[in-house]
Amino acid sequence: MNQMAIRRPTPWKRIAAVAAIAGPGLIAANAGNDAGGIATYASAGSQFGYRTIFLMVLVTIGLVLVQEMSARLGAHTGEGLVSLFREHFSLRTATFAMVMLLIANLGLVVSEFAGIGAALEMAGVSRYMAVPVAAAAIWALVVFGSYRYAERIFLLFTLAFLGYPIAAILSHPHWRDVAANAAVPHLLGSAAFITLAIQLVGTTITPYMQLFQAAAVADRPGSVNLRVIRLDAVSGAIFANVISIFIIIATAAAIGGSGPLASADQAAKALVPVAGHGAEALFAFGLFGAAALAAAVVPLSTSYALAEAVGVERSVSNTFKEAPLFLGMFTFQIVIGAVVALAPGNLITLLLNMQTLNGVITPIILGFILVLANRRSVLGENVNGPVFRVAAAACVVVVGALALVFVYQTVQGWGWVP
Amino acid sequence: MAASLRTASSSLSAQLVSVAGLIGRPVRTGDGQKVGRVVDLICRNDAQAYPPVAGLVVRVGFRRIFVPGAQVAEISGSAVILASAQIDMHDYQRRSGERLLMGHIVDHQVVDVDGVRVVRVSDLYLARLGSMWCLVGVDVSMTTLLRRLGPAVFRVRPTPDRVIDWAVIQSFGTGEQPVRLASDRAALHRLRPAQLADLLEELGRSQRQELLSRLDPGTAADAVEEMEDDDVRELLRDADEATTVELMVHMEPDEAVDALRDLDHEQREEILASVPEATSTELRQLLAYDEDVAAGIMTSRLITLTGNQTVGDATTLLREYVAENGNDLTYVVVVDEEGRLVDDITVVELLIAGPATPLSDLVGEPWPVTVTADLPIDELAQAFIDNRGSSVLVLDSQRRPLGRVMADDLVDVFATQRRGLLWRKS
């Protein structure tokens, strides 16, 4: 038989294909660098200098494990996380998990609108105008279908945060200090450190990202090769956290030692080495873009996941009559997010508090994901191997212990316990 | 019980038993002694419209035992009463061909063949048919979910306001045992390919493979042709060799090539190695063209005749073609003795002429607009407009027909790749 040569795709197509494959993992992980992320990493830098970098290394390892599990779950079953909860746990357990996820994601939506408010406040716009208008605009963009274009614009805005690695380098930190802090554990027992640790966990291993990773891989795998999918999830997680660490370094170099982050202006100082007088504008752009992007994607993904688990219509091209749960949930999240973000008070503090909420809920969701990934009835041959089980379990235990310590210290602070 | 269960009435509710509500309820012997609690119910995978409950899984202390359906006297919302005062304590063992109602069907996705959609089961309903308790309906409403979360008194009460007749439901296995199950719903095979494609796209991985394996190869191929590229790729990755070969053989070559292009080299070679040689050669010929040119998206299946053959000959060939490939061909090509293109005749023209008419009589204006194999796809649109037909012939350098670009393939290219300048009018 005459073996004819089969034309391979041109080099340009190959690059485009790889870029498309780089999709789910990279996007999911960069969801961690949203408004809450920026605020938390900046706060880490301003409060503790470089001393949280070791913690970030640990958190990165945890994130890699968790994102890989989520990707594997999505790829093997072809279904989203919440659907898997419903199929493999009792309805009550699944409902509990879903409610926890919803609360965590509502916290995220609040923090995104707080971020939008903070960014526009830097431009002199009152939050009482900025937040409602932004909420209405985002809702309308998504529901009436032109979100694609807005998404691209917001993505462009977030490129501003590539200024962080540059700023970090330009600010000439003591690299030896940085390396020392990365390698040697610095774990302080102070309440402030515990709180910040929970915030770091909450914003980096945020439950939303596991939801997104699994769903993105289930719906549009890009590649059908499980190895590529897993590699993408892992590399996306690492890349995003590298950016996060640069944010910590740059902020530490600029305003290290000034306590928790109090305002967006403070955080913008970190970008002075790279943008000079334009630092505030650059920061505001980046913050706005990241927050607006997430303000649409988070409620949308959450509603989608819930509608899939219940088994109802779930497309933005549906009318309210056709898809009441899906569109209703989406609207509900936007409304609650915007309303809470309008409460008087420091927006940055609100942002940080929402990450704390996420951090406390994270071990619960991680536990459920781990149980699923350990079951052969779910993942078949792709079930967690023994080493992975131990590593992932350790991760969940540590995060859970941290959450418990935080809760204890909080109720202690309220005077409920001695 | 062929009538749909969609109407809700209290008398109907009284006849139904909610499976979700039954879980955890006590199992008593004939004289009222409690034996254990219901863990799950079992039905066999056969083709019955309303399969009877084959047995129960009952928790007695720390053991799970199997109670055959024959030993059950009464199933009510609040308890299961057994026929005799004694039971045999056989430990429950999973057997193939059996399905757990709560564990495998409730909360999972099934296909409503009548409504042509994938639904998630909120609850299952049993009713007494003759002497047996049978599975009769699927509840998909959200209120039922809320009911299940509530206290026991609500849980056991059926709420049949959105119930689908089990007879039109196609359910699936768990994906752990890739068994070819016998229970197909007849209506499944009457669905249109586009409808089947929608269902396939929405199902999870293991269920998709199961559904595909139930369809006959021709229908399966038609359905796959209608699916999105990403889903086809995933489907081919998961399918076993036999299914893949069937699909490749039955799919139109242009669609098969489209699917093959998206795979990686290894997978493609594997598939090409396992299909029959004729198919493999046909597909390789098409794969040799770049996907950006006319020949890359064409189908190579043509009906060619010479001018001295008659309409009757053409009809015979068409009949053979349709029997093998389905009836989407609307042209026959007339060539000369050296195989070079003379004209492209529509089936309508054949229909109007008598069977004895030689094809040379039908040859004439309007002459077909043709393209060469290496014409970039962007320029194909103009040829389509000029030709005013549903396909355009692709010729080689000697004006011999190589294949045909179909309109739907061209639209597919533009729709999925969103090229900037769609219509480059020269």
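Letters go in sequence order (proteins before strands), and every chain restarts at 1.
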Between A/Thr95 and chain B, which part of the residue has a heavy atom less than 4.5 Å away: side chain, backbone, both or neither? side chain
Mark yes or no for whether B/Arg205, through its side chain, and A/Ala75, through its backbone, hold a donor-acceptor pair below 3.5 Å. yes
Could you pull out all residues at least two apart from B/Asp231 that satisfy salt bridge (Lys or Arg N to Asp or Glu O under 4.0 Å)? B/Arg208
Heavy-atom distances under 4.5 Å only: say whether B/Glu201 touches chain A with side chain, backbone, both or neither. neither
Any chance CZ of B/Arg25 has more than 12 other-residue heavy atoms, nucleotides or ligands included, within less than 6.0 Å? yes
B/Tyr125: ring pair (Phe, Tyr, Trp, His ring centres under 6.0 Å) partners, not counting sequence neighbours: none
Do other residues, nucleotides or ligands put more than 12 heavy atoms under 6.0 Å from A/Arg227 CZ? no
Could you tell me which residues in residues 81-91 of chain A have at least one non-hydrogen atom under 4.5 Å from a non-hydrogen atom of chain B, sorted by residue number? A/Ser83, A/Arg86, A/Glu87, A/Leu91
If you count the non-hydrogen atoms of other residues, nucleotides and ligands that lie under 6.0 Å from CZ in B/Arg59, is the total more than 12? no
For B/Arg120 and A/Val310, which heavy atoms make the closest approach, and how far apart are they? CB-O, 3.9 Å
Looking at residues at least two apart in the chain, or sitting in another chain, which of them share a side-chain contact (heavy atoms from CB on, under 4.5 Å) with A/Val383? A/Arg376, A/Leu379, A/Arg389
Heavy-atom cut-off 4.5 Å, strictly under: side chain, backbone, both or neither for A/Ala309 against chain B? backbone
Using non-hydrogen atoms and a 4.5 Å limit, figure out which bit of B/Val121 sits close to chain A: side chain, backbone, both or neither. backbone
Give the member of A/Glu79, A/His76, A/Glu308 that has the highest number of heavy-atom pairs under 4.5 Å with chain B. A/His76
